[in-house]
Novice: 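Take a look at this one; I'll ask things after.
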Amino acid sequence: MKIAILPGDGIGTEIVEQAVRVLNVLDLHFETETALVGGAAYEAHGHPLPESTLKLAQAADAVLFGAVGDWKYDKLERALRPEQAILGLRKHLGLFANLRPALCYPQLTHASSLKPELVAGLDILIIRELTGDIYFGQPRGRRTAVDGHFPGAEEAFDTMRYSRPEIERIAHVAFQAARRRSRKVTSVDKANVLETFQFWKDVVTEVHAQYPDVELQHMYVDNAAMQLVKAPKAFDVVVTGNMFGDILSDEAAMLTGSIGMLPSASLDRHNKGLYEPSHGSAPDIAGKGVANPLATILSAAMMLRYSLQQAAAADRIESAVQAVLSAGLRTGDIWSEGTTRVGTREMGDAVVAAITGKTITTRT
Ligand code: NAD
């Protein structure tokens with residue numbers, strides 16, 4: 001097994017370091033190789049995704065990614081900005097399915113902005129299609145309007161489109177994921193208004209015929225946005241297109257109240273994947289040693305489960321994270337009265353100690 005480690009920028013390097021420490025105490029046989037990506041790669045090689053980094057990611061069985069970006073790169077031309085590295089990796093690795101679990105740990109229910117009874121025990125999986133939709137559809141651009149409400153005015157336009165194979169493959173990912181969970185899929189669309197999403201709904205319904213053991217419901221995206229804050233526990237697997245998934249997965253993340261806890265996976269058709277925390281590079285706290293490494297550590301657990309077929313090792317990491325939370329250890333983003341505030345490294349120490357069966361101690 002070969003894992004490409006791409007820490008990136010800001011807190012990326014601090015949190016990935018802790019995840020690698022955790023992987024190293026699991027007695028698994030794997031090789032790791034680290035490369036620059038994002039702003040760090042731009043500084044060293046003039047490009048956020050250098051050829052050498054892409055080759056390493058392509059040759060590996062899985063990629064563990066930190067985060068990229070910093071405000072100082074905002075003035076660069078779009079193609080050289082750190083975030084382009086993620087788009088490039090998704091494209092070149094054929095990553096089309098983004099899996100984002102939103103799990104509310106019983107120890108952290110108070111961190112949610114919703115009432116504890118609404119989120120306690122929350123465990124949903126948002127599956128977002130990554131390659132199609134209005135984000136990539138052509139044509140797009142700016143022009144002078146020839147019709148519409150203001151002919152002759154300057155206008156901008158994008159194209160929403162989905163092909164049958166794109167919808168079929170993401171639907172299969174959703175139904176198969178549901179079989180490992182509560183066998184319930186909600187497909188989110190806007191079929192009442194958009195032709196693209198009437199097609200989405202039709203194709204998902206056709207694919208469902210191959211999964212009679214899984215329950216399927218369809219929901220309009222506006223209703224889904226409401227239901228996610230009204231009764232989030234009614235959902236199990238949610239599958240949707242690129243734009244709706246972008247928005248709903250952030251909404252679901254916030255239900256748990258702690259972006260520093262949420263892992264994610266982006267998979268290709270062979271289950272090779274890129275694993276990263278759902279948050280960004282947090283330049284405001286970078287270098288201070290206070291970032292929460294748990295989202296990255298849990299991303300490493302997802303990597304073991306989905307790409308490296310090491311479910312038992314993934315379970316060990318997830319149980320260790322539970323143990324650390326139960327012991328009352330918290331980084332600043334999830335800290336509350338009565339718990340112990342720790343830094344990035346101490347949190348990594350504690351997860352390592354929980355895995356190796358040592359007493360969880362802190363150096364606060
Ligand atoms: P962000 O997720 O980096 O930070 C948002 C807030 O959450 C900040 O206050 C930050 O301190 C806090 N935060 C985030 N992760 C945390 C952690 N692990 N522990 C504790 N607190 C944490 O989003 P942003 O501030 O909008 O963006 C910062 C940079 O990150 C930008 O350059 C943006 O483009 C980039 N970004 C990258 C990714 C990615 O690499 N996948 C994703 C989102 C944003």
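Worth knowing before you read on, the calculation uses all heavy atoms, side chains too, and leaves out hydrogens, waters and symmetry mates. Just so we're clear, the structure is a prediction, and the values are computed from it rather than from any experiment. Residues: numbered from 1 along the sequence shown. Whatever order the structure lists them in is the order used to number ligands and atoms, beginning at 1.
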Novice: Taking K184 for the side chain and Q217 for the main chain, is one N or O donor matched with an acceptor at less than 3.5 Å?
Specialist: no
Novice: Do R81 and Y42 touch side chain to side chain, with heavy atoms closer than 4.5 Å?
Specialist: no
Novice: How close does the nearest protein non-hydrogen atom get to atom 43 (C) of ligand 1, and which residue and atom is it?
Specialist: G280 CA, 3.6 Å
Novice: List the steps and the verdict of ring-ring contact (aromatic ring centres under 6.0 Å, His included) for Y275 and Y306.
Specialist: CA-CA 10 Å; Y275 298 83; Y306 286 94; 7.1 Å; no
Novice: State whether the shortest distance between N or O atoms of S278 and N or O atoms of ligand 1 falls below 3.5 angstrom.
Specialist: no
Novice: Is the number of heavy atoms from other residues, nucleotides or ligands under 6.0 Å of R269 CZ greater than 12?
Specialist: no
Novice: Ligand 1 and V68, any nitrogen or oxygen pair closer than 3.5 angstrom?
Specialist: yes
Novice: Measure the shortest side-chain to side-chain distance between H208 and S187 over non-hydrogen atoms and say whether it is less than 4.5 angstrom.
Specialist: no
Novice: Number the atoms of ligand 1 from 1 as they appear, then name those within less than 4.0 Å of a heavy atom of A291, with their elements.
Specialist: 19 (N)
Novice: For P283, take its heavy atoms, then give the atoms of ligand 1 lying under 4.0 Å from any of them.
Specialist: 28 (C), 29 (C)
Novice: Which of the numbered atoms in ligand 1 are under 4.0 angstrom from any heavy atom belonging to A67?
Specialist: 40 (O)
Novice: Could you verify whether a donor N or O on one side chain and an acceptor N or O on the other, from R128 and S264, lie under 3.5 Å apart?
Specialist: no
Novice: For E155, is there an ion pair with R143 - N to carboxylate O distance below 4.0 angstrom?
Specialist: yes
Novice: What are the atoms of ligand 1, with element, lying closer than 4.0 Å to any heavy atom of E83?
Specialist: 31 (C), 32 (O), 33 (C), 34 (O), 35 (C)
Novice: Just jot down the ligand 1 atoms closer than 4.0 angstrom to any heavy atom of E276, in number order.
Specialist: 41 (N)
Novice: Consider only side-chain heavy atoms of I, L, V, M, F, W and Y, link residues closer than 4.5 Å, and tell whether V204 and M160 are in one cluster.
Specialist: yes
Novice: Is there a polar contact, in the sense of an N or O pair closer than 3.5 Å, between A282 and ligand 1?
Specialist: yes
Novice: Does some non-hydrogen atom of W71 fall short of 4.0 Å from ligand 1?
Specialist: yes
Novice: Under 4.0 Å from any heavy atom of S281, which atoms of ligand 1 are there?
Specialist: 3 (O), 29 (C), 30 (O)
Novice: Looking at D70, which atoms of ligand 1 are within less than 4.0 Å of one of its heavy atoms?
Specialist: 32 (O)
Novice: Ion pair present between K190 and D222, side-chain N to carboxylate O less than 4.0 angstrom?
Specialist: yes
Novice: In plain terms, say whether D61 and K2 are close enough for a salt bridge, that is, a side-chain N and a carboxylate O under 4.0 Å apart.
Specialist: no
Novice: Judged by non-hydrogen atoms, does D284 sit under 4.0 Å from ligand 1?
Specialist: yes
Novice: Which atoms of ligand 1 have any heavy atom of I86 under 4.0 Å away?
Specialist: 39 (C), 40 (O), 41 (N)
Novice: More than 12 non-hydrogen atoms from neighbouring residues, nucleotides or ligands closer than 6.0 Å to CZ on R161, yes or no?
Specialist: no
Novice: Identify, for atom 21 (N) of ligand 1, the protein heavy atom at the shortest distance, and state residue, atom and that distance.
Specialist: I285 CD1, 3.6 Å
Novice: May I ask you to test the R345-Q18 pair for a side-chain heavy-atom distance under 4.5 Å?
Specialist: yes
Novice: Heavy-atom contact under 4.0 Å between T331 and ligand 1?
Specialist: no
Novice: Is atom 38 (C) of ligand 1 near the protein, in the sense that some protein heavy atom lies at less than 4.0 Å from it?
Specialist: yes
Novice: Identify the protein heavy atom lying closest to atom 19 (N) of ligand 1, giving its residue, its atom name and the separation to 0.1 Å.
Specialist: N292 N, 2.9 Å
Novice: For atom 7 (O) of ligand 1, what's the nearest protein heavy atom and its distance?
Specialist: I259 CG2, 4.1 Å
